[in-house]
Amino acid sequence: MTDSITASSGPLFRRLAIIGPGLIGSSILRRARQDGTIAARLVACDISPDVCRRVAELGLADEVEQDPLRAVADADCVILCVPVGAIAEVGAHVLPAMKPGAILSEVGSTKLSILTALAPALRPDVPFVPTHPMAGTEHSGPDAGFATLFDDRWCLLTPLPETPPAATDLIVEMWHRMGARTRVMDPAHHDRVCAIVSHLPHLLAFTICGTADDLADETRSEVLDFAASGFRDFTRIAASDPVMWRDIFLNNREALLEMLARFMEDAQAMARAIRWGDEEFIVDRIERGRHIRRSLIENRQA
């Protein structure tokens, strides 16, 4: 590991570059700016001049760049916060410009597809530490971020077998200073876990809202007029960025389709219970849902 990166004195990184200052990226910048022990200098990069202009107006970084190669050139750590479908392309583009010993990371919510696509471009002298902060809202862009987004939320790390432990330790420490809890896991396991706890709920929310939108005009207007809290919760999730979620669904298709198939079997079982008046089955499923909700609250994840 380069001697330009030290965890024992001063900030973790002298220069931290965030590529894609959207919800996650701008929240990292805000927390690092507030904390002061994560990076001495912050660099934000986006190919959009409007985004760069807004980041500068908000004062989120010490430097704002449109050129990714300039942004990463002297960075000790580069975090790719672009949509999942663009991570490998952007990573392959900036890797040749990164200095030896600098750490490359990313925050995508799928892992196997990213690792497979980016593998040919990886450098042995630039450790790669993939991460996935399990935090977010339905909003996007540099205005959507906030410094406390990661407080008490999990950040999952899927380092490669060849990733130096010191690099993983630095990224773990960075996320702890962001307020997050961390866990290291296998990429395939990560994708299956996220398929059920994040990707499938979003797929269902988009689908339910689509079903409501396809109803006859009179019924549709009543859905919008009389929406109860359950439907409102679905619409909040369904307001998420469509490009981001398109990429997530396509890049985690195998795990997502597996979980969707299991859900459809369970939904059919519930339908049969309702049809035949199986009260015991229905109550059992409701009680299991209540138990999961209580567990989330006890784990400070609700």
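Here the structure is a predicted model, which means the values were calculated and not measured.
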Hey, is [atom1] on [X] packed in by over 12 heavy atoms from elsewhere, all under 6.0 Å?
X: L257; atom1: CG; value: yes
X: E279; atom1: CD; value: no
X: E89; atom1: CD; value: no
X: E280; atom1: CD; value: no
X: R123; atom1: CZ; value: yes

side-chain hydrogen bond (donor to acceptor under 3.5 Å, both in side chains) pairs touching residues 253-276, sequence neighbours excluded, are R192-E258
Sort and list the pairs that fulfil side-chain hydrogen bond (donor to acceptor under 3.5 Å, both in side chains) and have at least one residue in residues 39-59, not counting sequence neighbours.
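Every side-chain hydrogen bond (donor to acceptor under 3.5 Å, both in side chains) pair that includes a residue of residues 39-59, provided the two are not neighbours, is R41-E63, D50-R53, R54-E57, R54-D143.
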Applying salt bridge (charged side-chain N to carboxylate O under 4.0 Å, His left out) to D74 and not counting sequence neighbours gives K99
From [X] [atom1] over to [Y] [atom2], what is the distance, rounded to the nearest 0.5 angstrom?
X: D186; Y: D191; atom1: CG; atom2: CG; result: 9.0 Å
X: C155; Y: R181; atom1: SG; atom2: CZ; result: 13.0 Å
X: H190; Y: L156; atom1: NE2; atom2: CG; result: 5.0 Å
X: L60; Y: I18; atom1: CG; atom2: CD1; result: 11.0 Å

If you define the side chain from C-beta out and look only at heavy atoms, does anything of [X] sit under 4.5 Å from [Y]?
X: L160; Y: L122; value: yes
X: V72; Y: I19; value: yes
X: L149; Y: L23; value: yes
X: M244; Y: S140; value: no
X: F128; Y: L115; value: yes
X: D62; Y: R33; value: yes

For [X] against [Y], the heavy-atom pair lying closest together:
X: L29; Y: A61; answer: CD2-CB, 4.5 Å
X: R30; Y: P142; answer: NH1-O, 2.9 Å
X: V94; Y: L80; answer: CG2-CD2, 4.4 Å
X: M178; Y: D151; answer: O-OD1, 3.6 Å
X: I114; Y: G108; answer: CD1-CA, 4.2 Å

Would you verify whether the NZ or CZ of R246 falls within 45 degrees of the ring axis of F249 while also being under 6.0 Å from that six-membered ring's centre?
no
Would you confirm whether D247, through its side chain, and G85, through its main-chain N or O, come within 3.5 Å as a donor-acceptor pair?
yes
Once salt bridge (Lys or Arg N to Asp or Glu O under 4.0 Å) is applied, what residue pairs with a partner in residues 109-119 remain, sequence neighbours excluded?
E106-K111
Using the rule given for side-chain contact (heavy atoms from CB on, under 4.5 Å), can you reason through M270 versus F281, listing the C-alpha separation, both sets of side-chain angles and the distance that settles it, and then say yes or no?
CA-CA 8 Å; M270 188 62 144; F281 185 94; 4.1 Å; yes
When you compare the side chains of N251 and T110, does any donor N or O come within less than 3.5 Å of an acceptor on the partner?
no
May I ask you to check whether S27 and R31 show a side-chain donor-acceptor distance below 3.5 Å?
no
Going by ring-ring contact (aromatic ring centres under 6.0 Å, His included), name the residues that satisfy it together with F150, two or more places apart in sequence or in a different chain.
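Here the qualifying residues are W175.
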Ignoring hydrogens and angles, write down the donor-acceptor pairs under 3.5 Å from the side chains of residues 195-204, residues two or more places apart or on other chains.
unit_1 : atom_1 : unit_2 : atom_2 : d
H199   : ND1    : N252   : ND2    : 3.0
H199   : NE2    : S109   : O      : 3.4
H199   : NE2    : S109   : OG     : 3.4
H202   : ND1    : S198   : O      : 2.9

